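Numbers here simply count residues along the sequence, with the first being 1. Computed from a prediction, not measured in an experiment: that's the story for all the values here. Whatever order the structure lists ligands and atoms in, that order sets their numbers, starting from 1.
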Amino acid sequence: MQTDTIFITISISLLVYFTYNLLFSSSSSSKSTTKTKLKLPPGPSTFGLIANFIWHRKSISELGPIVSSLRNKYGPIMTVYLGSQPNVLIADNNLAYQALVKKGAVFGGRPEGMKKIFPSRFSHKTVALSSYGGIWRVLRRNLVGTEGVLYPPRIKSYSHIRKRVLDNLVAQLIRDSKDGQGHVYVREPFRHAIISFLFLLCFGDNIDENKIQEFEATQKRFTVVSTRVIKAYVIAQKLWKTVFKSVWNEFEDVLKSIEILIGSFIQARKKMKQKNEVGNNIESSSSSSSSALSYIDTLLELDVQDGNDKVNSLDEADILSLCLEFVNPGTDSILTALQWVMANVVKYSGVQANIFSEMNQVVEQGQEWIKENDLQKMPY
Ligand code: HEM
């Protein structure tokens, strides 16, 4: 059933979301240390045998049925303990929308917890980690404001990056389809396409495929090791680095690889800027001799005011954390959305028929691709 698919997707997304917040945010528990201790929603027993089972034995993608059965027992809002840490899980589309969008201001908190996990050399001056205020506003405006690389009218300027990524994706899917005799697993090709797109937007459109692959491999390792770090932190809290020394060593190792890699991209971009090889405005394209403005370029130009009202440019550690924030969460969120879309396209012939009919209205005879401008005429 479609509702099941939506429900499971959202449940898993929310579990990830709240797990993420458990570690990377100040968490709602600190907010509720007011006069009255508020009651938590119902859920499996306090030290969460089920949650621990989920935690140790299951991967996130296997959680759907477990969340479904918990919802049947406890209702759409429940408390699930990960170790001794309570997490409120919302397993209902409408309620999730109410909490995250309509009442976002009430439930939204600013994160602090990353300081507990990342080594102190890592900067917390990022959009997601800054407290609401001047620095957050400047960083956020730089990302999605009129000068930002994600500002919707401007992001259209990166069509040459999309074309490069899309050509590679289609070629890969055709290869996979031949190898798999018509069966294609879209997740990994999609992941590669999304990482490539965000990577080129972040670090510059002049970087070659080998570097993208190197970054992707490091990012995958980072994701795997981060999951171990989260488990270690949930179990041992502040002592996790000592109790789980091998996990800490692995984490340090992958972080160093990331620092070396992103550090080299920052240096390369700085050099290009000095030589005037970076487009001054966002309209540059592959046809121009210069490289289109990347997220790193905007960060190298950015001034932020610190607590003492001093205006400073961002240092390399700040830029590194901001780039990680751009590429990492961006990948999984888009991947989940795309996977959900594809699952529905495959499963429901009515969805396919609607898309096909809309395509027929915009695609002319002999035309192989939908033009980006035509997407405006395709509301479905
Ligand atoms: C389908 C795609 C996406 C979905 C569903 C999504 C979802 C979300 C959600 C729910 C939040 C709020 C999280 C919280 O408050 O803790 C968030 C925040 C954020 N997302 Fe995304 N996201 C998507 C794509 C992206 C992309 C592509 C990027 C960057 C390239 C990005 C960067 C961020 C940043 C920086 C924040 C923090 C904003 C702030 O604190 O002001 N997201 N996203």
Side-chain angles (χ1 to χ4, degrees), residues 6 9-31 87-90 93 95-114 123-145 148-152 154-156 158 161-162 165 187 190-191 193-204 215 219 262 282 293-299 302 304 314 318-344:
I6 297 169
T9 310
I10 289 189
S11 307
I12 292 168
S13 305
L14 285 173
L15 184 62
V16 175
Y17 169 76
F18 283 109
T19 306
Y20 183 87
N21 272 358
L22 152 77
L23 290 158
F24 299 127
S25 79
S26 50
S27 96
S28 52
S29 59
S30 60
K31 271 189 183 173
N87 289 262
V88 174
L89 177 64
I90 302 179
N93 307 351
L95 287 174
Y97 178 73
Q98 294 294 325
L100 297 178
V101 181
K102 288 263 174 187
K103 299 272 167 64
V106 178
F107 288 102
R110 299 312 289 170
E112 271 172 16
M114 195 142 128
S123 163
H124 305 122
K125 216 183 270 173
T126 68
V127 185
L129 297 179
S130 306
S131 311
Y132 285 131
I135 293 180
W136 171 74
R137 259 196 302 278
V138 171
L139 295 177
R140 199 178 152 106
R141 202 181 301 135
N142 183 62
L143 182 66
V144 291
V149 292
L150 292 187
Y151 181 58
R154 283 177 187 269
I155 195 147
K156 283 185 192 155
Y158 295 106
I161 299 186
R162 274 191 297 279
V165 168
R187 194 177 160 88
F190 275 9
R191 180 192 289 282
I194 298 162
I195 289 180
S196 303
F197 178 67
L198 292 175
F199 177 96
L200 294 167
L201 203 58
C202 187
F203 302 116
F215 183 79
Q219 198 210 26
I262 297 188
I282 222 139
L293 194 77
S294 68
Y295 187 47
I296 280 199
D297 302 326
T298 68
L299 296 173
L302 200 65
V304 287
L314 297 168
D318 299 329
I319 296 179
L320 188 137
S321 290
L322 282 156
C323 290
L324 264 185
E325 171 183 71
F326 187 90
V327 182
N328 272 343
T331 306
D332 270 349
S333 42
I334 304 178
L335 183 62
T336 309
L338 270 184
Q339 226 186 339
W340 178 78
V341 168
M342 285 308 289
N344 282 284

Pair K102-Y97, side-chain contact (heavy atoms from CB on, under 4.5 Å): steps then yes or no: CA-CA 7 Å; K102 288 263 174 187; Y97 178 73; 3.8 Å; yes
Going through the checks in order, is the side-chain contact (heavy atoms from CB on, under 4.5 Å) test met by S130 and L139? CA-CA 9 Å; S130 306; L139 295 177; 3.8 Å; yes
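Ligand 1 has no atom lying under 4.0 Å from any heavy atom of T331.
S333 places a side-chain N or O within 3.5 Å of a backbone atom of G330 that can act as its donor or acceptor partner. With N344 contributing its side chain and W340 its backbone, the two residues share a donor-acceptor pair below 3.5 Å.
Atoms of ligand 1 found under 4.0 Å from any heavy atom of W136, numbered from 1 in the order shown, are 39 (C), 40 (O), 41 (O). Less than 4.0 angstrom separates some heavy atom of E325 from each of these atoms of ligand 1: 35 (C). Each of the atoms 29 (C), 30 (C) of ligand 1 lies under 4.0 Å from some heavy atom of L150.
Outside the 6.0 Å centre-distance limit, the rings of F203 and Y295 are not counted as a close aromatic pair.
Of the listed residues (G330, S130, A128), the one carrying the non-hydrogen atom nearest atom 31 (C) of ligand 1 is G330.
At under 3.5 Å, a nitrogen or oxygen of R140, whether backbone or side chain, sits near a nitrogen or oxygen of ligand 1.
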